[in-house]
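Here is the structure we will look at.
A note on names: the letters A, B, ... follow the listed sequences, proteins ahead of strands, and every chain is numbered from 1. Everything numeric in this text was worked out from a predicted model, so none of it was measured.
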Amino acid sequence: MLKTIRNYFVLKNDPDEMRRREIVRILTLGLSILAMVGFVLVATYLLSNPVARQKLDNQLAVATAFFTSLLSFGIYQLNKRTSRISPFLLLALLVVLSIFGDTPAELANGRSLFIFTFPVAISSLIIAPASSFFFATVNTIIIFLLARQGNVPPNLSAIVGFFLLALISWVSSRALERALRDLRAINANLDQQVIERTQALSQSLERERIEAGRNKAILNSIGDGVIVFDKTWNATMVNPAVKSMLDIPLDLILNKNFYEFIEHPRLTAQSRKLLSAMIQNDTQPLGFRIEWGEKTLSVGAAQVHDSRGENIGTVTVFRDFTREAEVERLKSTFVAIVSHELRTPLNSILGYAEMFKESVYGPMTDKQINMAEGIMKNTDRLLNLIRDLLDEAQMEAGQLSITNAPLKPAELLETLHRLLDKAASDKRLRLTSEIDDDLPETLSGDADRLQQILTNLANNAIKFTDHGEICVRLRRTDDAKWGIEVEDTGRGIPEAEIPFIFETFRQVEGSTTRVHGGVGLGLAIVKQLVNLMSGDVKVESRVGVGTKFTVTLPLTVP
Amino acid sequence: MSELALIIEDDEDLANIFSEALRSGGFEVEHIADGRLAQERLKNGNAPFIVLLDMHLPYISGADLLAIIKGDEKFSKTMILITTADALMGKMYNDQVDFVLVKPISFVQLRDLTRRLKSQP
């Protein structure tokens, strides 16, 4: 392509030369016609006037006119083939005509002096700007020769005039040539730009065509149903997967308004409501699920914006979620049943053990009481595990929600001590707690879930601390935040493990699970609960020194 | 004189434990293990001092029985305690009953709670 452009711009003929040739063409043709007309007029006159016919001057005039016409035409023809010598020949003809145009005296210093201006003026146009000086010089020599022949003094002021004319011709021709050269450069540049733009446009059209083809191939081959809507929710594109997913002809959707589709009887009322909300919602809608007959479909939608950020339509993606929805339903049913069925007998074991411990049916020995406590402690562990698994399952399914009710932070600490004091003292650890004076006495929040966060963190600290203390602080961080700090003097967490400690079923080093109990859900649940509360949890730890967990939560008072 | 506590709980072991806790709390205990029988008893029998109602019962749900209790004037002075394994469900009934006990329920806590309730003027 580039080669073509170059070829286009490298002209075979010099444009200046073409221009000169054109001038020569006009001049020679003009001169030829003029001379021929002159010849015909003079010849007719002479034929009708025998006296005049006898004069030599007249005979010479008719012959000169005839040959001038002939020679001019000859140069005209030559000029068609080459412009190398035609300008010189034309000028030579003009000079010769000048010499023989009048008497030497009139030519050197009389009425015909002016005809010498023609070669000077024309030469700078048809040969080169500076050639006018050459012809001014030639004229000067001829005038001197003619003056001698005619015995008259040469007209010096005319000679000066010729050189002045040569100067003016040179300057103006040169300026003209330069201006033309500049113009040509500008034109060439413009042409180049046009070609480049045209090329870029055709390339981008080609790219777009390829892109469109590729997009179409993708849309035709994917399993997800894709419907593209314009700004007014008319469906402008529907891929084949929609047809198989919805089991309806595509023309029920394509080029129709989405409001018509929403009225389809296979949609449940709730699904209709969700889809209407999607249409009315100006903000980017999140994914949601709809029921289509027996099927569950997940719907995702994203607005399409043009380069100025204006909404030009929406792309919606439908995925058959029937199987996943069924699995999810079974899973949550399973978890609910299992947790209920496990909790009920465990509650009984716990209750009976307590009755032993409380000597409900008669006095017990210390050893028997110890055993009852052992049963209680282990039952507690199982109950906590079940609670964690249930919570995790609920959070995964997005079913766990956070409630807001007035709560007293001091009560959270009281409950914490009641639950964990014994576990701490069994390991000879001190469990201490502090509460900031400027923390409001009553906050708004989910007391059960906050208790769970506090208990999980403290329980974790007890588990991984062999001596020293665990300090739990409730802090007022700033005007808008409060937080929980749980700091221990335990073994600490290796730095490389810190990024993973909030992952589900994760404990630092595989072996610790057996030594410390639990399945590694405690911190994962803390993290997820804190996220649900729009808070943040951080950990700082040094191996052999201790660990500090800091939970920051938005502060709201009822 | 001992007051009557009505326990509606289908799990035999839990019913035993709750009965013992309430007895230790100073109550005379009546136990019903079945939703339908409980419905009969609530409609026809006298109002107890305490009802300890399990929300997960066969045949007739705890919610239906609670509606009967709440709808009957004779139970206006009866203390209502419900038991459930579902903390969320428990929260839903918080405003309608005197106490929501989420399983696992401790023998000692139930005993101490009912003891306190009995000694209240």
- prompt: With a 4.5 Å heavy-atom cut-off, do B/L110 and A/E354 have their side chains touching?
  reply: no
field: Positions in residues 356-371 of chain A that reach chain B, provided some heavy atom is under 4.5 Å away
entry: A/E358, A/V360, A/Y361
- request: Could you tell me which residues in residues 71-81 of chain B have at least one non-hydrogen atom under 4.5 Å from a non-hydrogen atom of chain A, sorted by residue number?
  value: none
message: Non-hydrogen contacts under 4.5 angstrom with chain A: give the residues of residues 11-24 of chain B involved, or none if there are none.
response: B/D11, B/D13, B/L14, B/N16, B/I17, B/E20
task: Under 4.5 Å, heavy atom to heavy atom: which of residues 448-458 of chain A reach chain B? Give them by number, or say none.
output: A/D448
field: Euclidean distance, A/T344 OG1 relative to B/D54 CG, rounded to 0.5 Å
entry: 8.0 Å
field: Contact summary for B/K103 and A/R343, nearest pair of heavy atoms
entry: O-NH1, 3.6 Å
query: Considering only heavy atoms, which portion of A/T379 lies under 4.5 Å from any heavy atom of chain B: side chain, backbone, both, or neither?
result: neither
message: So for A/L350, is it side chain, backbone, both, or neither that comes closer than 4.5 Å to the heavy atoms of chain B?
response: side chain
